[in-house]
There are 2 protein chains.
Amino acid sequence: MVSRPAGDRRTALLGAAAELFAERGYRSVLIDDIGRAVGTTGPALYRHFPGKQALLGAILVDVSERLAARGRDLVAGADGPGAALTALLRGHIEFALDEPALITVHDRELHHLTEEDRRRVRRLQRGYVEEWVGVLSQTRPDTPAPVLRAAVHAVFGLLNSTPHSRGELPRAHMADLLLGMGAAALAGPAADGS
Amino acid sequence: MVSRPAGDRRTALLGAAAELFAERGYRSVLIDDIGRAVGTTGPALYRHFPGKQALLGAILVDVSERLAARGRDLVAGADGPGAALTALLRGHIEFALDEPALITVHDRELHHLTEEDRRRVRRLQRGYVEEWVGVLSQTRPDTPAPVLRAAVHAVFGLLNSTPHSRGELPRAHMADLLLGMGAAALAGPAADGS
DNA sequence: CACCCATGTTAATGGTCACTAACATCGGCG
DNA sequence: CGCCGATGTTAGTGACCATTAACATGGGTG
């Protein structure tokens, strides 16, 4: 049990592949690159996944599930819509700062998935967005849902910019900056498109 | 001169390739797909570009140059930093709404370029960012440049989210929404990371 | 101790492309 | 009119690369 840690290699593959995919893009990463990154050769991958595409699928489904679940939990545990919104912002920012590779791959490689995986990931993403929209619609009951949805996508773009600002600022500072900007963007006076 | 419009096919190739690259990613788009999109076969491309990579290079260099040039002009022609900032926001939003494919490809396919093209594009991008930073540093002279740079990247993420919200809102409404959110994010009280 | 399963390794194999060759077509200009 | 350059077309061709085959290896368990 200790000498052969269950799922260890599998987890390593998921992590290494995510890094590589984020950096070079799915098609440009070779099976052998992934193997080398975890100390094996390429074909060893097939002992853990049906293939390269399935590996990408596992990565994307996992991220989407984690984001959606975290969103649900944060909202459920928050004391009112204002607190919920702050919690969502903090949670997403933490995720984006901790896992820039996953954030990057998440919205870049969707089209390389199986129809089925793609549907699944999209459903989860939609659920996460609706979590945000639900909270926002409480703080701005006068703003129509489509506008809120667009605003949420825009804020995601803002928060997910992290990979572009790699290392420009210390992490805590970056987190504060993103929180302030995100909150301001969502509370902004023109958010109803007047 | 009229019967054989100079560079017409070339321009069509640039546009069609940009759409396809944005939709499926550089590596997944075949020479033949690009040819078919402009009413020829694949290899006809070589009459206009040295190869697929050079075509991508032409696209990215062109976008970067247009953005940088427009940024320079807008700032130069603006009446004070406040007006300059609004002009930059409007200009970028217009671009993002008019050319979502270019916006998408712009920051997704950089690593498929020649070293030389990549350097050139990056230099242009940097210049554009510094244009924004320069304006911002006038409206918030107390905020250090690295923070402003991170804030600018974040606002780009926000504005460039357009491709994710395709058709959710009428164009003018979307433009207003993005302008309001972008301005709020950049004016936000926490933009100094307090 | 012997067997077996989990994991790996190296060497095919087969498909998929970008790119090149060889061969049209056609409009303008001498 | 006949040549020429620009632009295309249809067949290679040669790399590249995911996947599979065939063959280890080594630790845990009966």
Side-chain angles (χ1 to χ4, degrees), chain A residues 1-60 105 109 111-118, chain B residues 1-60 105 109 111-118:
Chain A
M1 282 300 151
V2 175
S3 64
R4 196 187 279 167
D8 209 48
R9 183 54 56 85
R10 189 189 143 94
T11 307
L13 280 168
L14 288 169
E19 292 296 335
L20 290 168
F21 291 158
E23 192 178 322
R24 301 183 217 161
Y26 176 74
R27 292 290 290 263
S28 301
V29 175
L30 311 184
I31 263 353
D32 282 339
D33 295 330
I34 302 173
R36 194 173 316 118
V38 299
T40 70
T41 60
L45 182 152
Y46 293 88
R47 299 296 175 193
H48 304 276
F49 298 93
K52 191 186 174 188
Q53 192 184 31
L55 171 54
L56 177 65
I59 293 171
L60 293 191
V105 170
E109 309 290 7
H111 55 275
H112 285 120
L113 258 45
T114 303
E115 249 315 295
E116 189 191 330
D117 276 349
R118 180 163 45 243
Chain B
M1 283 303 151
V2 176
S3 64
R4 197 185 278 167
D8 208 47
R9 184 54 56 85
R10 189 188 142 93
T11 307
L13 280 169
L14 289 169
E19 293 294 335
L20 291 168
F21 291 158
E23 191 178 322
R24 301 183 216 159
Y26 176 74
R27 292 292 285 262
S28 301
V29 174
L30 311 185
I31 266 345
D32 282 339
D33 296 330
I34 302 173
R36 194 172 317 121
V38 299
T40 71
T41 61
L45 183 151
Y46 293 89
R47 299 296 176 193
H48 305 275
F49 298 93
K52 191 185 173 188
Q53 193 184 29
L55 172 54
L56 177 66
I59 293 171
L60 293 191
V105 169
E109 309 290 6
H111 56 274
H112 285 120
L113 258 45
T114 304
E115 248 316 295
E116 189 190 329
D117 277 347
R118 182 165 41 245

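Residue numbers begin at 1 in each chain, while the letters A, B, ... track the order of the sequences.
Computed from coordinates, the K52(B) NZ to dA15(D) C1' distance equals 14 Å when rounded to whole Å. Across the protein-nucleic acid pair, L30(A) atom CG and dT19(D) atom C1' stand 14 Å apart, rounded to whole Å. In this structure, the CZ atom of R47(A) is 11 Å from the P atom of dT20(D), given to the nearest Å. The separation between L55(A) atom CG and dC17(D) atom P is 17 Å, rounded to whole Å. Going from atom CZ of R10(A) over to atom C1' of dA6(C) covers 15 Å, rounded to whole Å. Look at CD1 on I31(B): it is 13 Å from C1' on dT20(C), rounded to the nearest Å. Between R36(B) atom CZ and dT10(D) atom P there is a gap of 12 Å when expressed in whole angstrom units. A straight line from OH of Y46(A) to C1' of dG8(C) spans 15 Å, rounded to a whole angstrom.
Within 4.0 Å (heavy atoms only), G51(B) reaches sugar-phosphate atoms of the nucleic acid but no base atom. Within 4.0 Å of V38(A), counting heavy atoms only, lies no atom of the nucleic acid at all.
The listed nucleotides are dT19(D), dT20(C), dT9(D); the one nearest the side chain of A44(B) is dT9(D). Nearest nucleotide to the P43(A) side chain, out of dT20(D), dG8(D), dA18(D): dT20(D). Which of dT9(C), dG8(D), dT10(D) sits closest to the side chain of H48(B) comes down to dG8(D). Residue R27(A) places its side chain closer to dC17(C) than to any other of dT9(D), dC17(D), dC17(C).
F21(B) is listed as a side-chain neighbour of I34(B), based on a closest heavy-atom distance under 4.5 Å. With a 4.5 Å cut-off on side-chain heavy atoms, E109(A) and I59(A) do not count as touching. Using a 4.5 Å cut-off on side-chain heavy atoms (C-beta onward), L55(A) and Y26(A) make no contact. Counting heavy atoms from C-beta on, the side chains of L45(B) and V38(B) never come closer than 4.5 Å.
For the pair T41(B) and dG8(D), the criterion of a side-chain N or O lying under 4.0 Å from OP1 or OP2 is not met.
Where T40(A) and Q53(B) each meet DNA chain C at their nearest nucleotide, the meeting point lying more 5' is that of T40(A).
In this structure, CZ on R24(B) lies 11.0 Å from CD on E19(B), to the nearest 0.5 angstrom.
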